[in-house]
J.: 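Pasting a structure here, questions to come.
A quick note: this is a predicted structure, and the numbers were derived from the prediction, not measured. Letters A, B, ... are given to chains in the order of the sequence lines, protein chains preceding strands, and every chain is numbered from 1.
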Amino acid sequence: MNVYHEILEKVHAALEELQARGELPGNLDLSAVTVEPPRDPAYGHMSTNAALVLARAARTKPLELAEAIAARLRGLPDVAAVTVASPGFVNLTLADDVWRRQVEVVLREGADYGRCDLGRGLRVNVEYCSANPTGPLHVGHGRGTVFGDALANLLEFAGYRVTREYYINDGGGQIEALARSIYHRYLQLLGQTDEPLPKGLYPIEELVPVAEAIVERDGAKWVGKPESDWLDLFGRAGVQAMMARIREDLALLGVRHDVFTSERALIEAGRIDETIRHLDGLGLVYVGTLPPPKGKPVEDWEPTPQLLFRATLFGDDSDRPLKRSNGAWTYFAADVAYHLDKIRRGAQLLVDVWGADHGGYVKRMQAAVKALSEGRVELVVRLCQLVKLYSAGQPLRMSKRAGRTVWLRDVLEEVGRDVFRFMMLTRRNDAPLDFDLVEAVRQSKDNPVFYVQYAHARICSVFRHAAEAGMDTGRWAGVPLERLRDPAELELLRAMAQWPRVVEGAARQFEPHRIAFYLHDLAGAFHSLWTRGKEESGLRFLLAEDEATTRARLAMLAAVRIVLANGLRLLGVEPLEELH
RNA sequence: GCGCCCGUAGCUCAGUCGGAUAGAGCGUCGGCCUCCGGAGCCGAAGGUCAGAGGUUCGAGUCCUCUCGGGCGCGCCA
């Protein structure tokens with residue numbers, strides 16, 4: 001329960017009282033009534049739009065209704081002042097004690113401070129990363145992975161039951177390309193070819209050890225053999241090796257999925273046939289011919305009858321192919337089966353985190369989920385834009401064709417997990433992100449990671465000094481919080497009390513970046529107060545001659561530290577006690 | 001040609017299920033170090049929220065159109 005909810009309840013109570021007195025109709029919809037901090041602090045601490053949103057239905061003037069509401073809020077224990085402002089806002093200034101009490105709340109709830117029940121225990125499956133097992137994770141994967149992981153943490157904190165999931169795309173043509181890429185390395189190792197790697201294959205060096213292992217085990221056994229003899233074997237070896245590497249990369253990022261689901265396993269278990277039959281039973285599958293794309297002529301277009309899913313019945317722009325002309329299932333068909341699998345395993349809400357280049361795929365997958373769940377399960381898709389890498393302002397040239405990709409592992413070794421994770425969340429997921437490897441590790445206030453970490457470390461430093469002075473820094477019962485009087489202190493307390501609101505808003509919108517921005521603001525409020533202590537010694541946290549005030553301030557700092565740590569934990573960033 | 005995303009200060013970006021006088025960082029200019037970590041803080045300047053209509057008590061936010069940028073557009077994933 002946060003302060004804003006408490007005040008909202010009081011507004012509701014005031015409205016119900018007015019209804020009971022017959023001054024308001026009894027059947028009002030109160031869902032649009034909000035209590036939020038006004039942008040301009042001159043309007044007080046909280047503001048409600050109740051009169052504005054209800055006036056029409058109540059057939060009264062907003063200002064009159066606002067006055068009536070205000071009259072019932074005035075004089076309440078925690079309310080210091082209530083004013084009405086045109087066109088009908090009711091603005092409240094709360095007693096300082098309300099904010100001081102938040103310290104006790106935070107200290108009591110600790111790591112749970114900010115939790116809420118927005119999700120009401122709903123089972124949500126968050127699928128993220130899901131990089132093809134054809135190479136290590138690169139920086140772009142890193143962004144989506146961090147986003148998905150932070151989102152999963154956030155939803156869990158907001159009361160959802162979360163499953164973190166990785167879909168291994170090991171069933172399609174790209175695995176054959178992987179097998180051929182490894183085979184080429186294999187021939188090279190045995191001196192059987194000096195041809196360059198054919199186009200479309202993977203030029204990455206990480207495949208060499210895979211080929212070496214095969215040489216060691218089988219020698220030249222596969223030289224000159226037809227593809228059908230070795231393709232499957234080389235593909236499996238490649239997938240196994242690349243997934244092992246990807247799991248290492250995930251571990252470096254601090255990411256742990258609960259479930260890895262293999263596309264190939266779904267196919268081999270006949271799950272796609274089963275799923276398509278299921279769709280067919282619903283009358284959603286037919287054989288038809290799609291029109292060619294308009295405006296953009298496709299060479300060698302041949303109208304081909306295909307097995308199609310009636311995606312247009314569920315909001316997509318076109319029906320979508322389930323089978324290729326060679327008879328194999330499309331990627332989409334496998335993905336439909338996979339999403340049905342997630343639903344059957346109990347997911348009540350599906351979240352997919354994809355790269356922005358998959359944007360064209362969103363509607364058909366949502367259509368499929370709608371069809372499969374008969375409208376009961378929603379699929380939320382979040383797209384992550386590209387990461388542009390820089391080094392000291394110079395763009396880093398990456399050429400996938402030449403095999404010069406910047407691997408996530410290399411970046412993590414350079415800047416560290418915490419910096420990378422935080423920086424990936426300092427932008428909305430759907431906006432492109434510039435990431436400068438040199439700037440990212442600079443220790444200055446330009447660097448948001450450092451700025452937040454520094455606030456946490458400074459608080460820890462105060463506590464070290466307090467402990468040296470022999471103060472009790474662990475027990476807060478009976479702390480005289482009324483000693484927190486300075487406007488800057490109350491400002492910090494109010495910033496701290498925003499945390500539950502921020503969690504709720506971020507979770508509702510699936511936007512973990514809001515956590516990062518909030519932490520920056522909270523750190524700013526703290527740094528500001530700290531520096532004032534430099535200028536006015538009476539505002540220092542540790543006062544040798546005033547133990548009561550010191551204890552109050554330490555309690556406040558302990559609470560702020562908890563909120564900083566809770567926020568960083570959701571982002572998967574470790575709060576540091578010292579910086580070096 | 002169609003679909004999705006985006007357009008906010010010189011630059012990079014926030015902006016609460018629509019809320020009041022649109023914010024932050026960088027950069028620029030001007031201040032603050034006996035003393036808890038100055039790796040910080042305070043202040044100033046800087047805006048047609050791409051443009052035009054619409055919805056309403058109220059629009060950066062919702063709708064329509066235009067302009068500009070990104071991504072995608074049968075049998076790749």
J.: Going by modelled atom types, is there a donor-acceptor pair between the base of B:A20 and the side chain of A:Ser86 at under 3.5 Å?
T.: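 Under the 3.5 Å cut-off, the side chain and the base do not form any donor-acceptor pair.
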J.: Can you check whether A:Tyr454 stacks with the B:G37 base, using ring centres under 5.5 Å and planes within 30°?
T.: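 A:Tyr454 ring does not meet the centre or angle cut-off for B:G37; no stack.
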J.: I'd like the P distance from B:C2 over to B:G54, given in whole Å.
T.: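 One P to the other, the span is 25 Å.
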J.: When the P atoms of B:G23 and B:A44 are considered, how many whole Å apart are they?
T.: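 These two P atoms come out 13 Å apart once rounded.
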J.: Whole angstrom is fine here: how far is it from CD in A:Glu536 over to P in B:C33?
T.: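 Roughly 14 Å, once rounded to whole Å.
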J.: Measure the distance from CZ on A:Arg494 to C1' on B:U16 and round it to the nearest whole Å.
T.: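 Taking CZ of A:Arg494 and C1' of B:U16, I get 18 Å after rounding.
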J.: Evaluate the criterion ring-ring contact (aromatic ring centres under 6.0 Å, His included) for residue pair A:Tyr43 and A:Phe89; output intermediate values, then yes/no.
T.: CA-CA 10 Å; A:Tyr43 292 116; A:Phe89 290 103; 7.5 Å; no
J.: State whether the side chain of A:Asp319 and the backbone N or O of A:Ala311 hold a donor-acceptor pair below 3.5 Å, judged by distance alone.
T.: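 Confirmed, A:Asp319 side chain pairs with A:Ala311 backbone.
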J.: Could you spell out the base pairing of RNA chain B as a dot-bracket line? Use Watson-Crick and G-U wobble contacts where both distances are under 3.5 Å, [ ] for crossing pairs, | for partners on a different strand.
T.: (((((((..((((.....[...)))).(((((.......))))).....(((((..]....))))))))))))....
J.: Flag the pair A:Tyr451 / A:His527 as yes when their ring centroid distance falls below 6.0 Å, and as no otherwise.
T.: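 Centroid separation for A:Tyr451 and A:His527: below 6.0 Å.
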J.: Any donor-acceptor pair under 3.5 Å joining the side chain of A:His520 to the base of B:A24?
T.: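 For A:His520, whose side chain was compared with the base of B:A24, there is no donor-acceptor pair (under 3.5 Å).
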J.: Give me, pair by pair, the N or O atoms of the protein and of nucleotides 42-46 of chain B that are less than 3.5 Å apart, along with how far apart they are.
T.:
from	atom 1	to	atom 2	distance (Å)
B:C42	OP1	A:Ser528	OG	3.1

J.: Counting primed atoms plus P, OP1 and OP2 as sugar-phosphate and everything else as base, spell out the protein contacts along nucleotides 4-12 of chain B at 4.0 Å heavy-atom distance: B, S or - for each nucleotide, 5' to 3'.
T.: SSS-----S
J.: Check the geometry between A:Trp530 and B:G40 and answer yes if their rings are stacked (centres below 5.5 Å, planes below 30°), otherwise no.
T.: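 No, A:Trp530 does not stack on the base of B:G40.
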J.: Using a distance-only criterion (donor-acceptor N/O pair, under 3.5 Å, no hydrogens), is the base of B:A24 paired with the side chain of A:Asp521?
T.: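 Result: no qualifying N/O pair found.
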J.: Hey, is the side chain of A:His465 poking within less than 4.0 Å of OP1 or OP2 on B:G37, counting only N and O atoms?
T.: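 Yes.
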J.: Could you tell me if the side chain of A:Leu557 sits less than 4.5 Å from the side chain of A:Val462, heavy atoms only?
T.: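 Answer yes - side chains close enough.
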J.: How long is the span from the CZ atom in A:Arg427 to the CE atom in A:Met424, to the nearest 0.5 Å?
T.: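 That separation rounds to 10.0 Å.
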J.: In whole angstrom, give me the gap between the C1' atoms of B:G47 and B:G60.
T.: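 Their C1' atoms lie roughly 12 Å apart.
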J.: Give A:Asn169 one of three labels, base, sugar-phosphate or nothing, depending on what nucleic acid heavy atoms sit under 4.0 Å from its own.
T.: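 Sugar-phosphate: the residue A:Asn169, judged by heavy atoms under 4.0 Å, touches backbone atoms but no base.
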J.: Hey, are A:Asp352 and A:His339 close enough side-chain-wise for a donor-acceptor pair under 3.5 Å?
T.: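 There is such a pair (donor and acceptor under 3.5 Å, judged by atom type) between the side chains of A:His339 and A:Asp352.
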J.: Using a 6.0 Å distance limit plus a 45 degree cone around the ring axis, check whether A:Arg364 lies over the aromatic ring of A:Phe309.
T.: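 That pair does not qualify as a cation-pi contact.
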J.: Which part of the nucleic acid does A:Phe517 contact within heavy-atom distance under 4.0 Å: base, sugar-phosphate only, or nothing?
T.: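 Contact class for A:Phe517: sugar-phosphate only.
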J.: Protein-nucleotides 57-59 of chain B N/O pairs closer than 3.5 Å?
T.:
from	atom 1	to	atom 2	distance (Å)
B:C57	OP1	A:Arg56	NH2	2.2
B:C57	OP2	A:Arg56	NH2	3.0

J.: Looking at A:Ala131, is its backbone amide N or carbonyl O close enough to the side chain of A:Tyr166 to form a donor-acceptor pair, meaning the two atoms are under 3.5 Å apart?
T.: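 Yes; at least one donor-acceptor contact below 3.5 Å.
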J.: At under 4.0 Å, does any side-chain N or O of A:Arg39 touch on OP1 or OP2 of B:A20?
T.: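 Looking at the OP1 and OP2 atoms of B:A20, one of them is under 4.0 Å from a side-chain N or O of A:Arg39.
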J.: Give a yes/no verdict on base stacking between B:G74 and A:Trp301: centres under 5.5 Å, planes within less than 30° of parallel.
T.: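 Here the ring of A:Trp301 and the base of B:G74 are stacked, with centres under 5.5 Å and planes under 30°.
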J.: Kindly indicate whether a cation-pi arrangement holds for A:Arg501 with A:Tyr4, taking the cut-offs as under 6.0 Å to the six-membered ring centre and within 45° of the axis.
T.: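 A:Arg501 over A:Tyr4 ring: yes.
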J.: Which heavy atom in A:Ala334 sits nearest to a heavy atom in A:Leu266, and how many Å separate them?
T.: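 For A:Ala334 and A:Leu266, the tightest heavy-atom pair comes out as O-CD1, 4.4 Å.
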J.: Would one find a side-chain N or O of A:Lys534 under 4.0 angstrom from OP1 or OP2 of B:C36?
T.: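 So the side-chain polar atoms of A:Lys534 do come within 4.0 Å of the phosphate oxygens OP1 or OP2 of B:C36, strictly under.
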J.: Below 4.5 Å, heavy atoms only, C-beta onward: do A:His456 and A:Val560 meet side chain to side chain?
T.: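 A:His456 vs A:Val560: side chains apart.
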J.: Indicate yes or no for a side-chain donor-acceptor contact from A:Gln306 to the backbone of A:Lys323 under 3.5 Å, with no hydrogens or angles considered.
T.: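 Yes, because the side chain of A:Gln306 sits within donor-acceptor range (under 3.5 Å) of the backbone of A:Lys323.
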J.: Under 4.0 angstrom, heavy atoms only, what part of the nucleic acid is A:His513 near: base, sugar-phosphate, or nothing?
T.: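 Sugar-phosphate contact only.
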J.: Which residues pass the ring pair (Phe, Tyr, Trp, His ring centres under 6.0 Å) test with A:Trp530, sequence neighbours left out?
T.: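 Per chain and number, A:Trp530 pairs via ring pair (Phe, Tyr, Trp, His ring centres under 6.0 Å) with A:Phe526.
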J.: When you compare B:G27 with B:U64, how far apart are their P atoms, in angstrom units rounded to a whole number?
T.: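 Per the computed distance, 41 Å lies between those P atoms.
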J.: Could you walk me through whether A:His465 and A:Phe541 pass the ring-ring contact (aromatic ring centres under 6.0 Å, His included) test, one step at a time?
T.: CA-CA 10 Å; A:His465 282 273; A:Phe541 302 122; over 10 Å; no
J.: Between A:Tyr518 and B:A24, is there a contact of a side-chain N or O with OP1 or OP2 at under 4.0 Å?
T.: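 False: A:Tyr518 side-chain N/O out of range (4.0 Å or more) of B:A24 OP1/OP2.
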J.: Applying salt bridge (charged side-chain N to carboxylate O under 4.0 Å, His left out), name anything that partners A:Glu127, two or more places apart in sequence or on another chain.
T.: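 A:Glu127: salt bridge (charged side-chain N to carboxylate O under 4.0 Å, His left out) contacts with A:Lys342.
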